[in-house]
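Here's the structure we're looking at; comments come further down.
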Amino acid sequence: MGSVLIRVPATSANLGPGFDALGLAVGLHDEVEAELTAGPGVEVTVRGEGAGEVDLGEGHLIVATMRRTFDRMGVAQPAGIRVDCLNRIPHARGLGSSSAAICAGILAARALASPDAAAAFGDDKVFALATEMEGHPDNVAPCLAGGLTVAWMEQSGAPRMVKLTLDARVRPVVLVPATRLATEKARGLLPKDVPHKDASFNAGRAALLIAALTQRPDRDLLMAATEDRLHQHYRAPAMPRSADLVQRLRAAGVPAVVSGAGPTVLAFSTPDSQDLIAPEVGNDWHIQQMDVDQVGANVQFPETR
């Protein structure tokens, strides 16, 4: 029946003040090979992150996403599904591993459906289903489109996005701890209401961050642009080491934020700050300077590999 290979990037959401709106795709990828089989049942293999931990049956997120996508497309469920995962994106670290799995599952199902069904399920429907399953669009937007994205929800409930280009003088650096943090736990610490002055503060900083990342990557400007009052300090009790690292990096002059819901820390490295990062980071953090993934999710068939 043929197979398809999906390559999806890790993502960092929020970027400080852009809560539930800004996201960035980085050069760390999961690869998923999927095919429909004649025999009944599901076969899942996982290498890398999550091996020996995740469900290898119908409960696997990619398989469940493929099933949901087939239903949404109005396509009959296949007799069998085989999925082989090579995972490089750390799980429960704030780098969009669940968004990557959801995007991979949707794109795999679309690619393996009939040409007519696939053509009728356009990119806007892919984005809408991914947002519905993830709960918000800030991670799935850069995962699908690549680059720096601004995502929002229309009054109708439909997600939208704009893709921007990060200035080449800015390099994202991710600092990944060994500990994990569930997104649900981090989000549960957020208050239902915030002071008007804090909302106004973040609106200004988010707008400034777009300018700093795309047009003027000045370190002082990035320091101001990455300030946040909406989510990071509320979540700090769940990840004190991450909060402490962000504070130490910022005190040293490095624009640093919590990546997504944490506990990974994201630093924006510029030529005048790149040497300031390592001295503030302990041995139990994995430091990795990343390229920006400008392509996003990529679909390949065997004959094009």
Side-chain angles (χ1 to χ4, degrees), residues 1-11 25 29-47 50 54-87 89 96-137 139-146 149 151 153-154 156-161 163 293 295-305:
M1 294 184 182
S3 64
V4 63
L5 179 66
I6 312 293
R7 188 169 184 260
V8 283
T11 53
H29 301 85
D30 284 354
E31 295 180 3
V32 177
E33 185 172 14
E35 68 175 325
L36 309 184
T37 61
V42 169
E43 178 185 348
V44 179
T45 56
V46 176
R47 292 168 289 153
V54 299
D55 192 305
L56 298 181
E58 293 285 352
H60 190 275
L61 183 54
I62 291 176
V63 173
T65 300
M66 291 179 69
R67 296 285 196 198
R68 187 161 171 176
T69 305
F70 287 133
D71 285 342
R72 185 64 57 90
M73 296 174 71
V75 173
Q77 290 290 338
I81 297 175
R82 184 187 69 82
V83 174
D84 180 58
C85 305
L86 175 57
N87 295 338
I89 304 173
S97 61
S98 64
S99 293
I102 288 169
C103 291
I106 295 172
L107 291 173
R110 183 174 71 169
L112 293 171
S114 69
D116 288 344
F121 201 75
D123 290 346
D124 57 336
K125 294 182 179 179
V126 170
F127 184 31
L129 180 55
T131 299
E132 178 184 318
M133 293 191 66
E134 179 62 14
H136 34 86
N139 276 112
V140 296
C143 186
L144 292 170
T149 58
M153 302 296 294
E154 296 280 11
S156 64
R160 298 285 303 279
M161 77 166 96
K163 179 180 176 180
D293 183 307
V295 176
N298 180 258
V299 180
Q300 298 179 41
F301 293 93
E303 62 269 21
T304 63
R305 282 187 238 163

Legend entry - Donor-acceptor pair, side chain of D293 and main chain of V295, under 3.5 angstrom: yes

Inset, instruction - For residues I102 and A130, report the shortest heavy-atom separation together with the two atoms involved. - result: CG2-CA, 3.9 Å

Legend entry - Closest non-hydrogen atom pair between E33 and S3, with its separation: OE2-OG, 3.3 Å

Legend entry - Closest heavy-atom pair and its distance - D55, G57: OD1-N, 2.5 Å

Legend entry - CG on L5 to CG on L107, rounded to 0.5 Å: 11.5 Å

Legend entry - Flag side-chain contact, heavy atom, 4.5 Å: L61 against S98: yes

Inset, instruction - Test N298 against H29 for side chain to side chain donor-acceptor pair (under 3.5 Å), laying out the working first. - result: CA-CA 10 Å; N298 180 258; H29 301 85; over 6 Å; no

Inset, instruction - Could you grab the distance from atom CZ of R72 to atom CE of M133, nearest 0.5 Å is fine? - result: 9.0 Å

Inset, instruction - Test M66 against every option in T69, V63, I62 by the side-chain contact (heavy atoms from CB on, under 4.5 Å) rule and name the one that passes. - result: I62

Legend entry - Side-chain donor or acceptor of R110 paired with backbone N/O of F121 under 3.5 Å: yes

Legend entry - E43/R82 ion pair, N-O < 4.0 Å: no

Inset, instruction - Take H60 and V42 through the side-chain contact (heavy atoms from CB on, under 4.5 Å) test and state the conclusion after the steps. - result: CA-CA 10 Å; H60 190 275; V42 169; over 6 Å; no

Inset, instruction - State, to 0.1 Å, how close V140 and T131 come at their nearest heavy-atom pair, and which atoms those are. - result: CG2-OG1, 3.5 Å

Legend entry - Minimum-distance pair of heavy atoms, taken over all atoms of A25 and P9: CB-CG, 4.1 Å

Legend entry - OG1-CG distance between T149 and L144, expressed to the nearest 0.5 angstrom: 9.5 Å

Inset, instruction - For K125 and M73, indicate whether the former's side chain and the latter's backbone hold a donor-acceptor pair under 3.5 Å. - result: no

Legend entry - Closest contact, heavy atoms only, C103 versus V8: CB-CG1, 4.4 Å

Inset, instruction - State, yes or no, whether a side-chain contact exists between L86 and D30 at a heavy-atom distance under 4.5 Å. - result: no

